[in-house]
Amino acid sequence: MTYIAKPRLHHPSLTRNKVGYTRRDYEGKVSTLCAGCGHDSISAAIIQACWELDIEPHRVAKLSGIGCSSKTPDYFLGASHGFNTVHGRMPSVLTGANLANRDLLYLGVSGDGDSASIGLGQFAHAMRRNVNMVYIVENNGVYGLTKGQFSATADKGSKSKKGVVNNDSPVDLVGMAMQLGASFVARSFSGDKAQMVPLIKAAIGHGGAAFIDIISPCVTFNNHAGSTRSYDWVREHNEAVSRIDFITDREEITATIAPGELVDVEQHDGTVLRLRKLHTDYDPTDRVAAMSHMHARAAEGELLTGLLFVEGETEDLHASLNTSERPLNSLGTKDLCPGAAALQKVNAGFR
């Protein structure tokens, strides 16, 4: 329960990262989600990724909407900034915060109901504006807080726990993100930590809208035979299209090279995404080809995971708006109101 405080004292032998924090320092309150919920695995992956990247918790702003998934920011990075918005409105609130203070790392956590239903329009505009953020959807295909009704991402033909068949076509958030212009699009599975952690690290290092759709089975309402969001179904139909290593510019990383082509994509901050293509016919830097491959494999009943698309050169919202290099919330009265002469010069530029 969240009212049970975790011990403040840490064992002296706990390993610290380069900024002096242990992994425990990146944790939050005790989770109140159902035992075995995939969302808790995602929280653990976020904690691991931030610890490995030596991120100072107070440099992170985490925002969410409403739902089981939107409760999870309380369970990681307890020393970071946090804001729980109203249902489906996380992207616009995050956009405003990002415009005010560009120096923070923005982490948006949402769910399939929060993003694919009431917040679909908000999701669309955050992607097309390329807001510099990590957008994680914890996707379980149901409304876990309201007794397990189908959500907008539930596959057509999928069965509920009561045996009801979903007859509606699903909203494909990954396909929408690609079509709307997101510069980093990935899908993962909450039961695959080895894949989730490097994907989250890569998304954090990306300078633009980085979207990760994570299939996260609901153990209470959507983990049964007939569900396409159950642990067994995802494990049986999961097809990884790529494997990635996230390489920082501060240390040397060596790895055994897997079969297939090796592609390095440099990010804005100097870090490098090393893509190992497990499918020789798949190109994660070609948006149209990636969308076509994803739809082709979906028709065969395969759920593609991994880094599906990445754009090396991209401009985020601040670059496209040509905003001040200084965070707007740090500007004083003299900066914001430079006088009549400056105003006349600005107005003349629009004539």
Side-chain angles (χ1 to χ4, degrees), residues 1-87 89-91 93-94 97-98 101 103-115 133-140 144-145 188-193 196-201 203-204 210 212 214 216-220:
M1 298 295 107
T2 52
Y3 58 80
I4 301 177
K6 290 186 177 180
R8 292 180 177 270
L9 296 177
H10 294 180
H11 195 279
S13 66
L14 291 178
T15 303
R16 296 182 180 272
N17 60 14
K18 292 184 178 180
V19 290
Y21 292 97
T22 68
R23 189 183 180 284
R24 282 286 310 278
D25 293 317
Y26 292 85
E27 296 177 357
K29 296 179 180 179
V30 178
S31 174
T32 61
L33 298 176
C34 304
C37 179
H39 295 359
D40 285 333
S41 297
I42 299 172
S43 295
I46 293 172
I47 290 169
Q48 186 70 25
C50 291
W51 180 73
E52 290 182 5
L53 287 177
D54 306 315
I55 294 172
E56 296 174 305
H58 65 275
R59 302 303 305 165
V60 177
K62 53 185 183 179
L63 294 91
S64 64
I66 297 295
C68 289
S69 57
S70 296
K71 295 170 61 179
T72 62
D74 206 24
Y75 311 144
F76 61 83
L77 295 174
S80 65
H81 306 280
F83 193 87
N84 190 225
T85 73
V86 295
H87 203 4
R89 277 22 179 204
M90 177 274 291
V93 176
L94 186 150
N98 185 291
N101 187 356
D103 284 349
L104 295 178
L105 166 64
Y106 288 91
L107 179 60
V109 179
S110 185
D112 39 309
D114 197 52
S115 283
M133 65 181 295
V134 178
Y135 195 129
I136 295 177
V137 167
E138 300 176 347
N139 188 346
N140 56 21
L145 288 182
S188 192
F189 170 46
S190 63
D192 190 352
K193 185 178 180 181
M196 273 195 298
V197 172
L199 281 176
I200 294 171
K201 291 169 66 176
I204 290 174
I212 308 178
I214 304 181
S216 179
C218 174
V219 293
T220 300

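Only heavy atoms go into these numbers, but all of them, side chains included; no hydrogens, no water, no symmetry mates.
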| query | Would you say the side-chain atoms of T32 and Y75 include a donor-acceptor pair closer than 3.5 Å? | reply | yes

| message | As an exercise, state the distance from CD1 of I212 to CG of N139, rounded to the nearest 0.5 Å. | response | 13.5 Å

| Are any non-hydrogen side-chain atoms of M133 and L107 less than 4.5 angstrom apart? | no

| query | Between atom CG of N84 and atom NZ of K71, what is the distance when rounded to the nearest 0.5 Å? | reply | 10.5 Å

| Close side-chain approach of R23 and T15, heavy atoms under 4.5 Å | no

| task | To the nearest 0.5 Å, tell me how far T85 OG1 sits from D114 CG. | result | 6.5 Å

| Do N101 and Y106 come within less than 4.5 Å of each other through their side chains, counting heavy atoms only? | yes

| task | Report the distance from atom CG of L33 to atom NE2 of H39, rounding to the nearest 0.5 Å. | result | 6.5 Å

| field | side chain to side chain donor-acceptor pair (under 3.5 Å) partners for D40, two or more places apart | value | S31

| query | Who passes ring-ring contact (aromatic ring centres under 6.0 Å, His included) against F189, sequence neighbours left out? | reply | Y231

| message | Is it the case that the side chain of K201 and the backbone of E52 share a donor-acceptor pair, with hydrogens and angles ignored and the cut-off at 3.5 Å? | response | no

| message | So does I55 get a backbone contact from the side chain of Y26, meaning a donor-acceptor N/O pair under 3.5 Å? | response | yes

| message | Check whether H81 reaches the backbone of H58 with its side chain - one donor and one acceptor, N or O, closer than 3.5 Å. | response | yes

| remark: Sorted by chain and residue number, the ring-ring contact (aromatic ring centres under 6.0 Å, His included) partners of F76 (sequence neighbours excluded) come out as none

| task | Give, for atom OG of S110 and atom CG of L63, the distance between the pair rounded to the nearest 0.5 Å. | result | 11.0 Å

